[in-house]
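Notes follow the structure.
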Amino acid sequence: QVRLVETGGGLVQAGGSLRLSCAASGRTFTMFPMGWFRQTPGKEREFVAAISWNGGNRAYGNPVKGRFTIDRDNAKNTVYLQMNSLKPEDTAVYYCAADLSVDIQSTPIKSDEYHYWGQGTQVIVSC
């Protein structure tokens, strides 16, 4: 079992920055890829970013490339999402997820590839 807890969401003006954190517990955090997704009401969950087990591989969704950075600190069992140059369209509930598959170098971009999810943290970007 893996428990994921996201923090760091909030209200920010367009052009500002936020850093989300996702703390993992329950299993060996270092052995699986992690991802961030976001969702707004009435829409499907959207891929934001993913990172392999040791940070050697990263992937980003097109809307956030060049503005968001995913990173992880395995000593702290935490994955981060640094969000810069935020836009109103980034407003969403942000979820972190863990992929317990054997391909620890992967950076899955589909939500159904992930096995555990956090409860989400709300990000609101005002104009």
Side-chain angles (χ1 to χ4, degrees):
Q1 188 76 12
V2 173
R3 182 168 182 257
L4 304 173
V5 179
E6 303 99 331
T7 56
L11 174 64
V12 64
Q13 288 189 332
S17 297
L18 279 176
R19 188 174 82 153
L20 305 183
S21 299
C22 173
S25 61
R27 284 187 62 170
T28 307
F29 175 78
T30 57
M31 294 304 295
F32 43 83
M34 298 289 294
W36 286 97
F37 288 75
R38 65 187 183 186
Q39 191 168 24
T40 54
K43 294 188 176 181
E44 291 189 357
R45 202 161 285 190
E46 177 187 30
F47 171 71
V48 175
I51 188 167
S52 62
W53 75 283
N54 64 351
N57 297 317
R58 291 173 169 85
Y60 296 94
N62 287 334
V64 308
K65 282 181 180 177
R67 300 187 298 122
F68 291 13
T69 302
I70 188 170
D71 205 353
R72 67 191 296 162
D73 185 340
N74 286 344
K76 296 182 178 179
N77 291 345
T78 302
V79 63
Y80 304 98
L81 185 68
Q82 177 66 42
M83 306 186 295
N84 298 329
S85 302
L86 282 161
K87 305 175 182 180
E89 50 263 44
D90 294 318
T91 295
V93 177
Y94 284 72
Y95 298 89
C96 71
D99 169 20
L100 270 60
S101 68
V102 297
D103 187 3
I104 61 175
Q105 294 287 3
S106 67
T107 52
I109 65 172
K110 296 181 179 179
S111 60
D112 59 7
E113 296 181 89
Y114 288 86
H115 301 85
Y116 291 97
W117 293 83
Q119 83 290 345
T121 185
Q122 176 75 58
V123 171
I124 299 174
V125 184
S126 63
C127 298

[atom1] of [X] to [atom2] of [Y]: how many Å apart, nearest 0.5 Å?
{"X": "Cys22", "Y": "Glu6", "atom1": "SG", "atom2": "CD", "answer": "5.0 Å"}
{"X": "Tyr116", "Y": "Leu100", "atom1": "OH", "atom2": "CG", "answer": "6.0 Å"}
{"X": "Arg38", "Y": "Glu46", "atom1": "CZ", "atom2": "CD", "answer": "4.0 Å"}
{"X": "Thr69", "Y": "Leu81", "atom1": "OG1", "atom2": "CG", "answer": "8.0 Å"}
{"X": "Trp36", "Y": "Leu20", "atom1": "CH2", "atom2": "CG", "answer": "4.5 Å"}
{"X": "Ile104", "Y": "Ser52", "atom1": "CD1", "atom2": "OG", "answer": "8.5 Å"}

* Neighbour count >12 (heavy atoms, 6.0 Å) for atom CD, Glu89 ->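 Buried by this count: over 12 neighbours within 6.0 Å.
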* Asked: Is the number of heavy atoms from other residues, nucleotides or ligands within 6.0 Å of CD (Gln105) greater than 12?
  -> yes
Cluster question for you: counting only ILVMFWY and a side-chain heavy-atom cut-off of under 4.5 Å, with indirect links fine, are [X] and [Y] together?
{"X": "Met83", "Y": "Tyr60", "value": "yes"}
{"X": "Tyr80", "Y": "Val123", "value": "no"}
{"X": "Leu18", "Y": "Ile51", "value": "yes"}

Determine the minimum heavy-atom distance between [X] and [Y], stating which atoms define it.
{"X": "Glu113", "Y": "Asp99", "result": "O-OD1, 3.2 Å"}
{"X": "Gln82", "Y": "Asn84", "result": "NE2-OD1, 2.9 Å"}
{"X": "Asn54", "Y": "Asn74", "result": "CA-ND2, 4.3 Å"}
{"X": "Ser21", "Y": "Thr78", "result": "CB-CG2, 4.2 Å"}
{"X": "Ala98", "Y": "Leu4", "result": "N-CD1, 3.7 Å"}
{"X": "Pro33", "Y": "Pro108", "result": "CB-CD, 4.0 Å"}

* Asked: Hydrophobic clusters join Ile, Leu, Val, Met, Phe, Trp and Tyr when side-chain heavy atoms are under 4.5 Å apart, directly or via other members; which others share one with Tyr95?
  ->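 Once heavy-atom contacts under 4.5 Å are chained together, Tyr95 belongs with Phe37, Phe47, Val93, Ile109, Tyr114, Trp117.
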* Asked: With sequence neighbours left out, what residues match Ile124 under side-chain contact (heavy atoms from CB on, under 4.5 Å)?
  -> Leu11, Thr91, Gln122
* **Expected output: side-chain Arg58 to main-chain Ala49 donor-acceptor under 3.5 Å** => no
* Answer yes or no: is there a donor N or O on one side and an acceptor on the other, between the side chain of Arg67 and the main chain of Ser85, under 3.5 Å? =>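 Looks like yes, one N/O pair under 3.5 Å.
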